[in-house]
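In each ligand, atom 1 is the first atom listed, and ligand 1 is the first ligand listed. One is the number of the first residue; the rest follow in order along the sequence. When reading the values below, keep in mind they use all heavy atoms of this one structure, side chains included, and skip hydrogens, waters and symmetry mates.
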Amino acid sequence: MTEKVKCADPLSWWREARFGMFIHWGLYCVPAGIWKGKEYPGIGEWLMAQAKIPLADYRELAKEFNPSDFDAFQIAKLAKDAGMRYLVITAKHHEGFAMWDSKVSDYNIVKATPYGKDPLKQLSEACAKEGIKLCLYYSQDLDWEHPDGGYNEWAHPGHQRNFALYLEEKVKPQLRELLTNYGPIGLIWCDTPATITKEQSEDLKKFIKSIQPDCLVSGRVGHCVGDYGSLGDNQIPLGRLRGDWETPATINNTWGFKVNDHNWKSTQTLLQLLIDLSSKGVNYLLNIGPDSKGRVPQPSIDCLREIGSWLKVNGEAIYGTSANPYPYEFGWGRITGKGKKLFLIFSKMPAGDFILYGLKSKVKKAYFLDGGKSLESIQIHDKKKDVCKLALKFNDSLPDCIRGNLKGFPVVIVLELSNEAIVDERIIQQPDGTVRLFAHMSELHVSEGSRKKRIPRPGNSMFSSVAVAAEDANSTTIGNHLRIGDGGLVQNWNSSEDRISWNFKLLEHGTYSMKVHTVAPKYKDWIGGHKMRIKVGGNEFSKDIIPDEVYETPRTHLFQERITNFGEMNFPRPGDYCLELLAEKINPDVQDGICVSEVKLVRK
Ligand code: JFZ
């Protein structure tokens, strides 16, 4: 057999793309979250498992499934208009139903439904026409139809599962069909590697690439063997991530269509998420869930078109960009980069001049990306404070892109530099007076006792090895102690022997209030009950962790975050400080111990 030629870097199109369309479409769109008159909470495509619907009853849905309004060309055009560069559709989700003309199983849309057509065939042509990469989601582990699939004891009670047989009998033959009959496939999006072993994950990736060498395999093939890392659903990391990452996300709260889920995020929020993820080097895979007639919910269409109109003007700040060169995010917006350019993406325009600390590279030119109107920029190195300072002068004649920005969408300013951005990576007090000590930038001090605590490495670890501590990368166990998790949070803080610290530079002496942000596990309610201590500048502040303030950003959508005020401290002089955070008492009722996102000093 002739060796199939592999392109130089199969990931290059994916890195350039930054933004893709996810489509969850299967039999689950027929009940749309309701079974026998009862509405089930949670994500719509899990209805069969949530309602424990017997396979014989669930199969009957196929007889009602006739998506006569499905229009692949309209969907591909919507992706194009949204500025999305790739499209990942659920070929087979956990329900086990094939959304293409499969010869492996008659449990498919052509054989089992009155629709009788192959939507993937149509989508393959439509994506080729619009220049969108066609990619396919395939649940290689969970399968509630095949008796040997993953997580299906409830559907096949008493059956002695042979997962290896499932892989050989259904997964590989169906993947071969998908990789043979629908043209070039950009990516196989594997999911939820709950049962699969590392060897099986590696074998599956090899199998996929033996048919289409350039086809990428997502991180959820399992055991960190994917071509890139998959963050959790709707997960937004605290800071930029090393390596290649993608966050799958919803516009409302479900992937598969649910008739009563109208919790649509605003275009502003979705744009913020796209920009936030791009600034952290993460691709944004944003989902639509067509209904049982094949129609895309109108609110999805509306917001995707608005995002596309923003990208038409500002796409240079997103596509093919690298992450923010600073290791932390800013209160005023986000930064992306490309070569000798930095893109300052303001979520709201500063009132008056704009100051940026820490940029060591020389700014040759500054201008609004939309319209090109230039800005005066002044750079100095403040030797006394030992900080580089850039000032952008907004004279009163604001360009049309600002005046016309009636929806308050983000505004991009371009800095053309003399070289690729070099920045001061220290934590420096910001011009607005705050010092943000982010968890992902903390130094961990783990006691010997804690280090000995280890737990079996979750076999379904779908995250790239980048996120697993170096000492654990090839181990079957991981440390069950204070660590920085994949999203950048300090987590698993379950011993008072352990502490964290930050070094930072204060530019202004004065009185500062101190705030500690703690986070609940995903989907869980926040609970406090800990006692923590701050040590800084020779002072100590001990406090019960109570929810003085709710902290809400798109990042906290699924991870509730609360702020505890630790009171005020006077810093008599500017300079370099070290702040330590300790846990005097840890509430044993909190799953996995304390989780911290940041400590913030706010000048009074
Ligand atoms: C999985 C599916 O179960 C779900 O139906 C949807 O397709 C989603 C995109 O992927 O759900 C997951 C899988 C893994 C995590 C979260 C949700 N995770 O590791 O955080």
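- Residues meeting the side chain to side chain donor-acceptor pair (under 3.5 Å) test with N283, sequence neighbours left out: R18, Y86.
- For K522, every heavy-atom contact with ligand 1 shorter than 4.0 Å involves the side chain, none the backbone.
- Across the listed options N287, D191, D233, D233 owns the non-hydrogen atom lying nearest to atom 16 (C) of ligand 1.
- Residue Q298 places its CD atom among more than 12 non-hydrogen atoms of other residues, nucleotides or ligands, all under 6.0 Å distant.
- Heavy-atom contacts from other residues, nucleotides or ligands closer than 6.0 Å to CD of E153 number more than 12.
- Within ligand 1, counting atoms from 1 as listed, the ones closer than 4.0 Å to a heavy atom of Y137 are 7 (O).
- No more than 12 heavy atoms of other residues, nucleotides or ligands sit less than 6.0 Å from atom NZ of K206.
- Side-chain atoms of D525 and Q560 include a donor-acceptor pair closer than 3.5 Å.
- In this structure, R220 is part of the shell of residues with a heavy atom less than 4.0 angstrom from ligand 1.
- Against a heavy-atom cut-off of under 4.0 Å, H94 is close to the following atoms of ligand 1: 2 (C), 3 (O).
- Considering backbone and side-chain atoms together, W189 places no N or O closer than 3.5 Å to any N or O of ligand 1.
- Backbone and side-chain nitrogen or oxygen atoms of H24 are examined, and one is located within less than 3.5 angstrom of a nitrogen or oxygen of ligand 1.
- Those atoms of ligand 1 that come under 4.0 Å of a heavy atom in E45, given as number and element, are 4 (C), 5 (O), 6 (C).
- Within a 6.0 Å sphere centred on NZ of K38, other residues, nucleotides and ligands contribute 12 heavy atoms or fewer.
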